[in-house]
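Proteins get letters first, then strands, A, B, ... in listed order; numbering begins at 1 in each. Being a predicted model, the structure only gives us computed values, none of them experimental.
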Amino acid sequence: MEQQTGTFAVKKGLAQMLKGGVIMDVVTPDHAKIAEDAGACAVMALERVPADIRANGGVARMSDPDLILKIMDSVTIPVMAKCRIGHFVEAQILEALGVDYIDESEVLTPADEANHILKHNFTVPFVCGCRNLGEALRRVGEGAAMIRTKGEAGTGDVVEAVRHARTVLGDIRRLTTMADEELMSYAKEIGAPYELVKETKELGRMPVVNFAAGGVATPADAALMMQLGVDGVFVGSGIFKSGDPARRAAAIVKAVTHYQDAHILAEVSKDLGEPMVGRNVSQMPEAEKIAQRGW
Amino acid sequence: MKIGVLALQGDFAEHIAMLKRINVEAIEVRLPEHLKRLDGLIIPGGESTTIGKLAVAYNLMEPLKQFGQRHAIWGTCAGAIFLSKDANRNQPLLGLMDIKVERNAFGRQVDSFEADLDVPELKQATGTNEDYHAVFIRAPIIESVSGDAKILASAPDGRIVAAQQGHLLATSFHPELTNDTRFHKYFLSLVD
């Protein structure tokens, strides 16, 4: 009997295990332990959270492998790491380290302004960002086994996360009402592979797991994204840029599980200390918005 | 018949979809009161540390242990860990099954795999001959069984991946990620 690794079912399967959970950005092994103790279902290992990447400027690249390995050693939950859009060698390195998922992320400075990584070539699975259904299905076409709506990372402002989730989920709702003969022309319009458009219509949902990201800072933000219809939530700067990370992290985990129970949401929202200060996206110059990276 | 699926975190929606495919009523369980009037419970795949912490935080540990004394429970992957007596580390466990498990025993995600398993009891119970095609995701193994627990299936390399103890069932793989409904039907045969 043969064992097959790296199949799409296995790649997509790990994302299915993360559903209903919170994936937290961590920059040290101590952060990773705090996240695991708070109930995170996975952590994203990186050198700087998006808010600091914004503040520091310069070129943002894959994190130091030594840091990623230390974080992998510190927890038993899955560890993800980011590579630049199109930087398939950073992805090869992350796969060699044994990370559980790679985020081909717009938060880092893109390495290719026309092409994303051909993710089918890897054994390790990938998650990619999107702002609409066309972008999501292009990434799945390249082999992404998980999708996250982009939001606007490092701002603590949930408005873009809401915009992108509403766009993607709204696109899917409209697709399910289309006649089959309209699908080819719709696939052309949104720039998505026809077969995936057809599959999405048949399933009535994204063909892979779909998390929200980019601006979630409170338990209420997380529950809002869940009620809009995503499968789980990434929280980046929102936890470790707040006054009491352990408490806030645990509260966000509870809010994602009990997202439909306003009494529990009220309870977990109490006395969390200062949230991250945040930046208002509507007052941000277009050039500073990172969600537009990705093709 | 009404089956609950523990919905604290993980792929509970996939289990519910499988149960609906075989025309069984299924509900999500997040709080102790959701266990009332259920005939059986599935604990899904997910992160066992997350599921354990949320079960402790919302006072589900005792109600789940009591439920398992009288009713069928099936744990897949994280659920199997949660049912065990011993997971080789300090985390909340129900301790209902006399099994010892080792988490992430096959390695990290790049080592996750699919394989065909010979499960004689499953073939017998469902009157079929085909092997069972199983999906393993960062899977645990069942290091050993003791007491009334018995081995149900082993991986190609001989390590134990499914066990049963009366009306309790543990699999380190994920029948809810396949189109094969036989394991769900087998579990239902354990429900009174």
Residues of residues 53-75 of chain B with a heavy atom under 4.5 Å from any heavy atom of chain A, in residue-number order, are B:K53, B:L54, B:A57, B:Y58
B:T181 side chain to B:H184 backbone, donor-acceptor under 3.5 Å:
no
d(A:K82 NZ, A:I102 CD1) to nearest 0.5 Å is 12.5 Å
Counting distance only, does the side-chain N/O of A:E199 pair as donor-acceptor with the main-chain N or O of A:M206 below 3.5 Å? no
The interface call for A:D231 against chain B, heavy-atom contacts under 4.5 Å, is neither
The interface call for A:A15 against chain B, heavy-atom contacts under 4.5 Å, is neither
By residue number, those in residues 33-45 of chain B with heavy atoms under 4.5 Å from heavy atoms of chain A are B:G45
Residues 93-110 of chain B vs chain A, non-hydrogen distance cutoff under 4.5 Å, contacting residues -> B:R103, B:N104, B:R108, B:Q109, B:V110
Taking the six-membered ring for Trp and the single ring otherwise, decide whether the centroids of A:H263 and A:H258 are under 6.0 Å apart. no
Turns out that what part of A:E267 lies under 4.5 Å from chain B's heavy atoms comes down to neither
Residue from B:T49, B:V135, B:L8 scoring the most non-hydrogen pairs under 4.5 Å with chain A is B:L8
Checklist entry - Distance-only, no hydrogens or angles: does the B:D118 side chain make a donor-acceptor pair with backbone N or O of B:D131 under 3.5 Å? => result no
CG (B:L19) and CG (B:L188) are apart, to the nearest 0.5 Å, by 6.5 Å
| Under 3.5 Å side-chain donor-acceptor pair for B:E143 and B:N88 | yes
Max heavy-atom pairs within cutoff under 4.5 Å with chain B, candidates A:V99, A:L14, A:T123, A:V124, goes to A:L14
Checked A:G6, A:G20, A:A38, A:P78 vs chain B; the most non-hydrogen pairs under 4.5 Å come from A:P78
Check your understanding: Quick one: does A:E90's side chain have a donor or acceptor within less than 3.5 Å of a partner on A:M62's backbone?
Key -> yes
Honestly, the part of A:A42 sitting under 4.5 Å from a heavy atom of chain B is neither
Max heavy-atom pairs within cutoff under 4.5 Å with chain B, candidates A:E95, A:K254, A:K12, A:K19, goes to A:K19
For residues 21-32 of chain B, which side-chain N or O atoms pair as donor and acceptor with protein atoms under 3.5 Å away, sequence neighbours left out?
from  : atom 1 : to     : atom 2 : distance (Å)
B:R21 : NH1    : B:N179 : OD1    : 3.4
B:R21 : NH2    : B:N179 : O      : 3.1
B:E28 : OE1    : B:R30  : NH1    : 2.7
B:E28 : OE1    : B:R30  : NH2    : 3.1
B:R30 : NE     : A:T257 : O      : 2.8
B:R30 : NE     : B:A7   : O      : 3.4

Whatever's closer than 4.5 Å to a heavy atom in chain B on A:V256 counts as neither
When the 4.5 angstrom heavy-atom criterion is applied to B:E176 and chain A, the contacting part is side chain
Cut-off 4.5 Å, heavy atoms of chain B, and the answer for A:V268 is side chain
Of B:R138, B:Q91, B:H174, B:R89, the largest count of non-hydrogen pairs under 4.5 angstrom with chain A goes to B:R138
* Any side-chain donor near an acceptor of the partner, A:T7 and B:E114, under 3.5 Å -> yes
Ring-plane angle category for B:F183 and B:F173, please: parallel below 30°, perpendicular beyond 60°, tilted otherwise. perpendicular
